[in-house]
Amino acid sequence: MFKKFLAMATALTMCFSLAACGSKEVGEIKTDDSSSIEKDVSSNASDLKAIQDKGVIVIGITDFEPMDYKDENGDWIGFDADMAKEFAKSLGVEAQFVEIEWDNKALELDSGSIDCVWNGMTLTDEVKSAMDCSNPYCNNAQVVIVPSDKASEYNSVDSVKGLNFAVEVGSAGEAEAEANGLTYTSVTNQASALMEVAAGTSDAAIIDSLMAAAMVGEGTSYENLTYTVGLNSEEYGVGFRKGSDLVAKLNEFFKASYEDGSMQKTAETYGVQAALIAQ
């Protein structure tokens, strides 16, 4: 009798154990499903809806004439700034510009503190792996800036290898300095790199050709500087968070503004029309 009772007790214990295990497994599956659902909802969240709900698109920039810079009233203007304002208007929102540390642009984007990076951004492999980017809209190059009275001495990459350069941290200019084995100091932005050369604290700088055309030479802020050696060729694009539905919206806007001539008109205002890429 005792053996029969013991067998029954053991069987009941096993049943309860299996039920408990089954319950635990169901709970784990539910938890996993819930996490999966949350992840899916998060990854499919609409950036377009988010900015329309808040009524503003926050644009990460630096002080970079002729793309983004301030006028005498302290308002942001430039080819990129003006195009960004028109894009915002097409979405029914306002454009808000926020100066960022260029080297932290991907972090700013991922944290949600900005909605896009729109600042003459070179479409490097690193940039394209960190964010989703628009179609390219402008051609550009990295060029060497030196004092005008020394320009004849520096007309090739080999001739500038003994110079000390100022470059913007995290920029295509910094990448070119590294690629060519140049000695350099990283500074906050390209405007600071020009100031270093003008002050004589750096022998040369590497900046974007579009900025060089607007900022150095006769009739500019740096009449005693000029650009000489071109180091590469590249394209500009606008960056958004991975999976953002704003990328397609911007590409549509670029195509429409190129076809109706408004992109060319804005480019002419800032002297960058020759660099435009057909959309």
Colleague: Looking at S171 and G173, would you say the former's side chain and the latter's main chain have a donor-acceptor pair under 3.5 Å?
Modeller: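 A pair under 3.5 Å: yes.
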
Colleague: Measure the acute angle between the ring planes of Y236 and Y137, then classify it against the limits of 30° and 60° as parallel, tilted or perpendicular.
Modeller: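 Aromatic pair Y236/Y137 classed tilted.
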
Colleague: Check whether N180 reaches the backbone of E176 with its side chain - one donor and one acceptor, N or O, closer than 3.5 Å.
Modeller: yes

Colleague: Return yes if some donor-acceptor pair links the side-chain N/O of N189 with the main-chain N/O of A191 below 3.5 Å, else return no.
Modeller: yes

Colleague: Does the K105 side chain pair with the main chain of W102, one donor and one acceptor, at a distance under 3.5 Å?
Modeller: yes

Colleague: Spell out, as yes or no, whether a donor-acceptor pair under 3.5 Å connects the side chain of E108 to the backbone of N104.
Modeller: no

Colleague: Under the 3.5 angstrom rule, does the side chain of T269 hit a backbone N or O of K265 as a donor-acceptor pair?
Modeller: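 Flag set: sc T269 to bb K265 pair under 3.5 Å.
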
Colleague: List, one per line, each side-chain donor-acceptor pair under 3.5 Å for residues 55-63, sequence neighbours excluded.
Modeller:
| from | atom 1 | to | atom 2 | distance (Å) |
| --- | --- | --- | --- | --- |
| T62 | OG1 | N119 | ND2 | 2.7 |

Colleague: Got a donor-acceptor contact below 3.5 angstrom from the Q264 side chain to the Y258 backbone?
Modeller: yes

Colleague: List, one per line, each side-chain donor-acceptor pair under 3.5 Å for residues 244-253, sequence neighbours excluded.
Modeller:
| from | atom 1 | to | atom 2 | distance (Å) |
| --- | --- | --- | --- | --- |
| S244 | OG | D47 | OD2 | 2.8 |
| S244 | OG | L246 | N | 3.1 |
| D245 | OD1 | D47 | N | 3.1 |
| D245 | OD1 | L48 | N | 3.0 |
| D245 | OD2 | S46 | OG | 2.6 |
| N251 | OD1 | N135 | N | 2.8 |
| N251 | OD1 | N135 | ND2 | 3.4 |

Colleague: Okay, side chain of R241, backbone of M131: is any donor-acceptor separation there less than 3.5 Å?
Modeller: no

Colleague: Quick check for you: to the nearest 0.5 Å, what is the distance between C138 atom SG and L276 atom CG?
Modeller: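 It is 5.0 Å, given to the nearest 0.5 Å.
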
Colleague: Mind checking who shares a hydrophobic cluster with V144, ILVMFWY linked at side-chain heavy-atom distances under 4.5 Å?
Modeller: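 Result for V144 is V146, Y154, V157, V160, L163, F165, V167, L182, Y184, I206, V229, L231.
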
Colleague: Where does the angle between the aromatic ring planes of Y69 and Y270 fall among parallel (under 30°), tilted (30 to 60°) and perpendicular (over 60°)?
Modeller: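 Perpendicular, since the angle between the ring planes exceeds 60°.
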
Colleague: Whether the side chain of E65 engages the backbone of M215 through a donor-acceptor N/O pair (distance < 3.5 Å, no angle test) should be reported.
Modeller: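 Such a contact is absent between E65 side chain and M215 backbone.
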
Colleague: Could you pull out the closest heavy-atom pair between T188 and E168, with the gap in Å?
Modeller: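 It is O-CG, 3.6 Å.
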
Colleague: For the backbone of S148 and the side chain of T226, can you confirm whether one donor and one acceptor N or O come within less than 3.5 Å of each other?
Modeller: no

Colleague: Salt bridge check: are D115 and K54 linked by an N-O gap of less than 4.0 Å?
Modeller: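 Yes, D115 and K54 are salt-bridged.
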
Colleague: For residues T220 and G217, report the shortest heavy-atom separation together with the two atoms involved.
Modeller: OG1-O, 2.6 Å

Colleague: Could you label the plane-to-plane angle of the F87 and F240 rings as parallel, tilted or perpendicular, counting under 30° as parallel and over 60° as perpendicular?
Modeller: perpendicular

Colleague: I need the minimum non-hydrogen distance between T122 and A172, along with the two atoms involved.
Modeller: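 So the minimum-distance heavy-atom pair works out to OG1-CB, 3.7 Å.
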
